[in-house]
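Below is one structure, written out as structure tokens, with a few remarks after it.
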Amino acid sequence: MKTTIAMLGIGLIGGSLALSLRNDPDNRIIGFDVREDFIDKGLNKGLIHAGTTDLQTAVREADIIICATPVEQIYALLHQLSTLVLKPGVIISDVGSTKAGIVEYARELFSSDITFIGGHPMAGSHKSGVEAALERLFENAYYVLTPGPNTPAEKLSRLTALVSLTNAKVIVMDAHEHDRVVGAVSHFPHIIAALLVNLVGGYNEENEWHRRLAAGGFRDITRIASSNPRMWRDVLLNNREYMLKMGDDWKRAMDQILDLVAEGNGDEIERFFREARNFREGLPERQKGALPALYDLYIDIPDHPGEIGRITTLLGTKNINITNLQILEAREDMLGVLRITFRNESELEKGEAMLRFFEYNVYRRE
């Protein structure tokens, strides 16, 4: 007997989840989206078996419902679901990057014959929309499930088995613990990156060299400041407790390092940077985390006509997909630096091996 899964939201996350779950022939995926063109694209790409813009139609026979929308829309979806006819025993989950508020809201909405289990697949892409859906988007990423204290064990086991089809590493965590940890390694860094960019942007109004010299490394360390502003507004507001706590910790830590600078305490300043370096060097290198990884490769290229075309042709002959090209430095009669962004780790490794074979000097930025 088939398991009917209602995927509410056919974008990057919902589409990629649908594509992974559809690999099991016992699953039937019903897509819902307010945009009919997203439904049509989902059907044409083979992400879903059927689709509708009517929510009741999508969920009436569903055994499992997944709310695959931005955080703020999840609340509205859950409220709508609480007013509809649902199958007894249905499991409802979501993909939001904050969990405590959503889990508590669902607990208040639904009766005991409906089980809500929070979910957060910790993977993403620089692209968005159903067109960017990838079957392997969640492979080797963490997929966090946040059940409540009264969640039936068999329901958690069933959802765990389902999302394991994504080849993600499924972990179970308390919703508040999730928000505290993810807040530190993902949410708060977005504040820092945006604050730094805005600060330099303000300085640039008086001296345009700030913008000119902010290329390269500055762009890399602040890349997350280019994230969707509305989405991050909602994320921060839904995790405000831990954002405020980390903000206080940040201000204290900033005051401490600035005091050391004011005192001219070189030994302690060096210790500050050494501790940061040591912790960072112990972080996993080839593992997806809360922030999307960069699959960038840097190539020294001589100033010869057609050199960039040759590189892209070499990659194309092996069907190696690239998502972006950028010339970081190119001066006459000198080596330039070409940055190539690949779709995933596998494509990067194939590209690196190919270019090394043809004796290009390639490297990754640590």
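Computed from a predicted model, the values in this text were never measured in an experiment.
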Do you see a donor-acceptor pair shorter than 3.5 Å between the side chains of Asp296 and Thr341? yes

Common cluster, Tyr242/Trp250, ILVMFWY with side-chain heavy-atom separation under 4.5 Å: yes

What pair of heavy atoms forms the shortest contact from Ile91 to Ile117, and how long is it? CG2-CD1, 4.4 Å

is_close_aromatic(Tyr105, Tyr75), centroid dist under 6.0 Å: yes

Atom of Phe32, atom of Ile10 and distance for their closest heavy-atom approach: O-CG1, 3.8 Å

Please report, to 0.1 Å, the donor-acceptor pairs under 3.5 Å made by any side chain of residues 203-211, with sequence neighbours excluded.
unit_1, atom_1, unit_2, atom_2, d
Asn204, OD1, Arg211, N, 2.9
Asn207, OD1, Trp209, N, 3.0
His210, ND1, Asn207, O, 2.9

For the pair Arg35 and Asp33, find out whether any cationic side-chain nitrogen is under 4.0 Å from an anionic carboxylate oxygen. no

If only atom types and distance count, is the side chain of Lys350 paired as donor or acceptor with the main-chain N or O of Leu315 below 3.5 Å? no

Exceeds 12 heavy-atom contacts within 6.0 angstrom, atom CZ of Arg28: no

Between Glu352 and Tyr360, is any side-chain donor less than 3.5 angstrom from a side-chain acceptor? no

Return the minimal non-hydrogen interatomic distance between Leu77 and Cys67, and the atom names on each side. CD1-CB, 4.0 Å

Side-chain contact test, heavy atoms from C-beta onward, threshold under 4.5 Å: evaluate it for Ile114 versus Leu86 and give yes or no. yes

Any Lys/Arg nitrogen of Lys99 or Asp94 sitting under 4.0 Å from an Asp/Glu carboxylate oxygen of the other? yes

Residue list, salt bridge (Lys or Arg N to Asp or Glu O under 4.0 Å) with Arg271, at least two apart or on another chain: Glu268, Glu275

Heavy-atom side-chain proximity of Gln56 to Val85 below 4.5 angstrom: yes

Test side-chain hydrogen bond (donor to acceptor under 3.5 Å, both in side chains) on Asp113 and Ser111 and set out the steps. CA-CA 6 Å; Asp113 64 338; Ser111 58; 2.4 Å; yes

Do Ile311 and Ile340 pass the side chain to side chain contact (heavy atoms under 4.5 Å, CB included) test, and can you show the C-alpha distance, the side-chain angles, and the key distance before you say yes or no? CA-CA 10 Å; Ile311 290 173; Ile340 301 180; 3.9 Å; yes

Would you say that Ile171 contacts Leu145 through its side chain, given a criterion of any heavy-atom pair below 4.5 Å between the two side chains? no

Got a salt bridge between Glu104 and Arg107, using NZ or NE/NH1/NH2 to carboxylate O under 4.0 Å? yes

Under the criterion side-chain hydrogen bond (donor to acceptor under 3.5 Å, both in side chains), I'd like the reasoning laid out for Gln73 against Asp234: C-alpha separation, chi angles, the key distance, then a yes or no. CA-CA 10 Å; Gln73 294 177 27; Asp234 294 342; over 6 Å; no

Closest non-hydrogen atom pair, Ile13 against Phe138: O-CZ, 3.9 Å

Ala123 to Ala141 - nearest heavy-atom pair and separation: CB-CB, 3.9 Å

Below 4.0 angstrom, N of the basic side chain to O of the carboxylate: do Asp249 and Arg252 qualify? yes

Kindly give the heavy-atom pair with the smallest separation between Leu78 and Phe116, and that separation in Å. CD2-CE1, 3.9 Å

Hey, which of Asn27, Asp26, Asp24 is the one that makes side chain to side chain contact (heavy atoms under 4.5 Å, CB included) with Thr3? Asn27

Look only at the side chain of Ser16 and the backbone of Leu134, and say whether a donor-acceptor pair between them is shorter than 3.5 Å. yes

Would you call Arg158-Glu154 a salt bridge at under 4.0 Å N-O? no

